[in-house]
Trainee: 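Below is a structure I'd like to ask you about.
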Amino acid sequence: MDGQPINKYNDYMKDVMQIPPDAFEGGSDNDTAPDLTASEAMDLFKDLTQKGRILLEKPSLLMQIAEKIEQVFWLRDAQTDQILYVNPAFEVVWGRPAAAIYIHPQILIESVHPEDRVEVMAARPRRDRKPFNQIFRILRPDGSMRWIDARTFFLCDEQDMPFLIFSMAQDITGQKEGELTLRKALNRTREQFNLSHKMSLARKPVTVLNTLMSARELRSAQRADLLFFNNPKTGPAGGWEVTPSWSSIQNTVAWPGENNLYDEPGFLDLMHPTRVMVVTTPRSPRLTRAVKNLLTEAQVQTLVIFPLTATGDWLGCLLVFFGKEHHFHHVELSHLKILVDQATITLYNLHLLEAEEETRHEAERANEIKTEFLAMISHELRTPLTSIYGFTSTLLAEDVKWEPGEQRDFILTIQRESDRLQELIDHLLDLSRLEAGMLPIQPDTRSLQEVISDALPQLQTLTARHDLLIDISNDLPFVYVDATRVAQVLVNLVRNSATHAPQQTEISVSARLSGKFVQVNVTDHGPGIPLSEQKRVFEAFRRGKAVESASNNGAGLGLAICKRLLEAHGGRIWIKRKSPPGTTVCFTLPVSESTGLPDA
């Protein structure tokens, strides 16, 4: 080999020391190093080996290395398995004093995570004496977990017999956490793509909600509701509609107070147009006593409220209820917010398609509606006129002589039918003036008790065959209303209840404070109004299908007038979600800003 030049370091180290080729990638800054002959390279190697032996013969130098490196290593007796040495890095990684391992060597096994312990205990140095690697988890005394990458091999004596077991371990927790974070991010991205694609193909809001609730972070939820505002410009203050709803298969908890939750002003205050709100029921200071009681009744521990926004409008909220206390990482909330935004876009498009279809349907039925309107108005006008004409003709007949009592009954019938005719004409005039913005509304600061007292004679007459209950607290604040118009609303609502509720049943009028409004409720025990018709009955000339066959059901103007009168006051009217029988119509009146509570 003499005389055959090879590279000074690279080729010799590769062939003789069997160092991997990639160890020399990048090379030395001096790429023009002189070549050596094989004998010169061998002399150089012997010189380096001799210096290494001198280093090994100085324990103080090795001790400095052992105490300063970040890796943990320990030596065990190959025969007794006794720990002979562990370097100080053990205390940093394992979180335990190094002295403890000498007294209790089993700490090394006991600290291994239970799921990895059997595998670690089963591993022993191989008979071929080759090193082996292990990756496992350890639990530290403070409860934290660390990932460990360990390498173990034999050290042999001069007779080439194993007498020591050397183990070196490195904390790779940061690397593992990075891998886990990356894996979760990839899974979330994949889930976002799949669920977004499914939602984009949905044709019904309930399908969108079901798809959204299949997201991994929402699978443990108990129930969920989509709440849409009647007017995106005014948000919750303008009213809302809850549809559709979702419930997990495991959810068997009945919630009779669910409908009451959305009527609580303290609940509406939790909603925000841009922020996701996470509320823990047991200890959240943001919950009012009433809201907390309702959530506790339903065994709800955590409530998450996602805003639904599209085209710059706040359309509503997604409400997700969890039966157990649930904590979200900000990355999880960001992931869910992306899915909710995609669902909102789909729901908004479905709403536009539904509105377009409804508009087209109404346009197609325009002539039919016109004919129905004329027929209905003709019927409503003709019916009282026929009665008036018939009884008047009877009284004027010269060939019949009526008793005074009979004449009085006829006259009362004529008066009643005249009142009915007058009411219809007044409703038509009021509605036309309301739509034109010409009906005078003259609000003043009044107590609700005064308003109801003004209307009480009419209410008592209407409920002569029912039990009328007035439940109005004396500590309600004053309202800023036109008392005559509000009395008209009350009379219309109580008349509807008396018309459809069975005789001898209770009709109640109650009120409570709801934020900056006083909410009035008119409740009866009639057949109720199906959810699908609850918005329709507030339209002019529209009546619920359940009462269309009744003989004295009116022209369908009363609720439409109530709606417009209350909106002219800055309030609103709606039908409370509840299961039939029975109906509760709610409306709000603005609290007067110039005064507080009435005097006791």
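Sequential numbering from 1 along the given sequence is applied to the chain's residues.
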Trainee: Could you pull out the closest heavy-atom pair between Gly571 and Phe517, with the gap in Å?
Mentor: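 Taking Gly571 first and Phe517 second, the nearest heavy atoms are CA-CE2, 4.3 Å.
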Trainee: Please identify each residue that fulfils ring pair (Phe, Tyr, Trp, His ring centres under 6.0 Å) with Phe306, with sequence neighbours left out.
Mentor: none
Trainee: Between Cys586 and Ile573, is any pair of side-chain heavy atoms under 4.5 Å apart?
Mentor: no
Trainee: Mark yes when over 12 heavy atoms from residues, nucleotides or ligands other than Lys184 sit less than 6.0 Å from its NZ; otherwise mark no.
Mentor: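 Counting neighbours around NZ of Lys184, 12 or fewer heavy atoms of other residues, nucleotides or ligands fall under 6.0 Å, so no.
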Trainee: Within the distance-only criterion (no hydrogens, no angle test), does the side chain of Trp246 pair as donor or acceptor with the backbone N or O of Ser248 below 3.5 angstrom?
Mentor: no
Trainee: Check the pair Leu566, Thr588 against side-chain contact (heavy atoms from CB on, under 4.5 Å), reporting the backbone distance first and the verdict last.
Mentor: CA-CA 8 Å; Leu566 292 167; Thr588 56; over 6 Å; no
Trainee: Do other residues, nucleotides or ligands put more than 12 heavy atoms under 6.0 Å from His272 NE2?
Mentor: yes
Trainee: With sequence neighbours excluded, what pairs up with Gln192 under the side chain to side chain contact (heavy atoms under 4.5 Å, CB included) test?
Mentor: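 So Gln192 forms a side chain to side chain contact (heavy atoms under 4.5 Å, CB included) with His335, Ile338, Leu339.
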Trainee: With rounding to the nearest 0.5 angstrom, report the CD1 to CG distance, Ile470 to Leu459.
Mentor: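 Between Ile470 CD1 and Leu459 CG, I get 6.0 Å after rounding to 0.5 Å.
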Trainee: Hey, are the side chains of Asp454 and Arg446 touching, using non-hydrogen atoms and a 4.5 Å cut-off?
Mentor: yes
Trainee: Check whether any side-chain N or O of Gln222 sits under 3.5 Å from a backbone N or O of Ala298 as a donor-acceptor pair, and report yes or no.
Mentor: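 Checked: pair present.
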Trainee: Indicate yes or no for a side-chain donor-acceptor contact from Arg146 to the backbone of Ile138 under 3.5 Å, with no hydrogens or angles considered.
Mentor: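 Answer holds: no.
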Trainee: Name all residues meeting the salt bridge (charged side-chain N to carboxylate O under 4.0 Å, His left out) criterion together with Arg512; count only those two or more places apart in sequence or in a different chain, and write none if there are none.
Mentor: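 Once residues adjacent in sequence are excluded, Arg512 has no partner under the salt bridge (charged side-chain N to carboxylate O under 4.0 Å, His left out) criterion.
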Trainee: Are any of the side-chain heavy atoms of Leu493 and Leu559 separated by less than 4.5 Å?
Mentor: yes
Trainee: Evaluate the criterion side-chain contact (heavy atoms from CB on, under 4.5 Å) for residue pair Val479 and His569; output intermediate values, then yes/no.
Mentor: CA-CA 10 Å; Val479 290; His569 282 82; over 6 Å; no
Trainee: Is the shortest heavy-atom distance from the side chain of Leu226 to the side chain of Leu308 under 4.5 Å?
Mentor: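 Heavy-atom side-chain distance check passes, below 4.5 Å.
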Trainee: So Val520 and Val509, do their side chains get closer than 4.5 Å, heavy atoms only?
Mentor: yes
Trainee: Stepwise, does the side-chain contact (heavy atoms from CB on, under 4.5 Å) test hold for Leu468 with Leu456?
Mentor: CA-CA 10 Å; Leu468 178 64; Leu456 191 58; 4.3 Å; yes
Trainee: Can I get a per-line list of side-chain donor-acceptor pairs under 3.5 Å for residues 348-357, giving both atom names and the distance, sequence neighbours left out?
Mentor:
unit_1	atom_1	unit_2	atom_2	d
Asn349	ND2	Ile345	O	3.3

Trainee: To the nearest 0.5 Å, what is the distance between CZ on Arg117 and OG on Ser111?
Mentor: 8.0 Å
Trainee: Using modelled atom types and a 3.5 Å cut-off, is there a donor and acceptor pairing between side-chain atoms of Asp171 and backbone atoms of Thr173?
Mentor: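 Yes, the answer is positive, given that a donor and an acceptor are paired below the 3.5 Å cut-off.
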Trainee: Take atom NZ in Lys337; do more than 12 heavy atoms of anything else shown fall under 6.0 Å from it?
Mentor: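 Check passes, neighbour count above 12.
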Trainee: If you round to the nearest 0.5 Å, how far is CD of Gln342 from CG of Leu347?
Mentor: 10.0 Å
Trainee: Please say whether more than 12 non-hydrogen atoms of neighbouring residues, nucleotides or ligands are located less than 6.0 Å from CZ in Arg140.
Mentor: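 Yes.
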Trainee: Identify the two heavy atoms, one from Cys317 and one from Phe229, that lie closest to each other, and give their separation to 0.1 Å.
Mentor: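 That closest heavy-atom pairing would be SG-CZ, 4.3 Å.
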Trainee: To the nearest 0.5 Å, what is the distance between CG (Leu195) and NE2 (His197)?
Mentor: 11.0 Å
Trainee: Quick one: CG on Leu462 to CG on Asn496, what's the gap to the nearest 0.5 Å?
Mentor: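 Output value for this atom pair is 10.0 Å.
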Trainee: Give the minimum heavy-atom separation between Pro232 and Leu315, together with the two atoms involved.
Mentor: CG-CD2, 4.0 Å
Trainee: Taking the six-membered ring for Trp, are Trp574 and Trp240 parallel (under 30°), tilted (30 to 60°) or perpendicular (over 60°)?
Mentor: tilted
Trainee: For Val304 and Val276, what are the C-alpha separation, side-chain angles and deciding distance, and is it a side-chain contact (heavy atoms from CB on, under 4.5 Å)?
Mentor: CA-CA 7 Å; Val304 187; Val276 178; 3.9 Å; yes
Trainee: Taking atom types as modelled, is there a side-chain donor on Asn521 or Thr523 under 3.5 Å from an acceptor on the other?
Mentor: no
Trainee: So which atom in Met199 and which in Ala343 form the shortest heavy-atom distance, rounded to 0.1 Å?
Mentor: SD-CB, 3.5 Å
Trainee: Could you list the residues that satisfy salt bridge (charged side-chain N to carboxylate O under 4.0 Å, His left out) with Glu217, not counting sequence neighbours?
Mentor: Arg188
Trainee: What I'd like to find out is whether the side chain of Leu318 reaches to under 4.5 Å of the side chain of Leu212, using heavy atoms alone.
Mentor: yes
Trainee: When you measure from the side chain of Gln449 to the backbone of Ser473, do you find a donor-acceptor pair of N or O atoms at a distance under 3.5 Å?
Mentor: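 Confirmed, Gln449 side chain pairs with Ser473 backbone.
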Trainee: Where the side chain of Thr463 meets the backbone of His466, is there a donor-acceptor pair that is under 3.5 Å apart?
Mentor: no
Trainee: Which atom pair, heavy atoms only, marks the closest approach of Leu476 to Ala511?
Mentor: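 So the two residues come closest at CD1-CB, 3.7 Å.
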Trainee: Keeping Ser284 on the side-chain end and Thr281 on the backbone end, is there a donor-acceptor pair under 3.5 Å?
Mentor: no
Trainee: Are any of the side-chain heavy atoms of Val278 and Leu333 separated by less than 4.5 Å?
Mentor: yes
Trainee: Under 30°, 30 to 60°, or over 60°: which ring-plane class applies to Phe322 and His326, parallel, tilted or perpendicular?
Mentor: parallel
Trainee: When you look at CZ of Arg286, are more than 12 heavy atoms from neighbouring residues, nucleotides or ligands closer to it than 6.0 Å?
Mentor: yes
Trainee: What distance do Asp524 atom CG and His500 atom NE2 have between them, rounded to the nearest 0.5 Å?
Mentor: 8.5 Å
Trainee: Kindly say whether Ile441 contributes a backbone atom to a donor-acceptor pair with the side chain of Asp482 at under 3.5 angstrom?
Mentor: no
Trainee: Determine yes or no for a side-chain-to-main-chain donor-acceptor pair under 3.5 angstrom, with His525 supplying the side chain and Glu506 the backbone.
Mentor: yes
Trainee: Give me the atom names and distance for the closest heavy-atom approach of Tyr262 to Leu227.
Mentor: CD2-CD1, 3.9 Å
Trainee: Looking only at atom types and distance, does a side-chain atom of Thr280 sit under 3.5 Å from a main-chain N or O of Thr302, one as donor and one as acceptor?
Mentor: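 No.
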Trainee: Using a 4.5 Å cut-off on heavy atoms from C-beta on, say whether the side chain of Thr484 contacts that of Gln442.
Mentor: no
Trainee: Who pairs with Asp444 by salt bridge (charged side-chain N to carboxylate O under 4.0 Å, His left out), at least two apart in sequence or on another chain?
Mentor: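 In terms of salt bridge (charged side-chain N to carboxylate O under 4.0 Å, His left out), with neighbours along the sequence ignored, Asp444 is linked to no residue.
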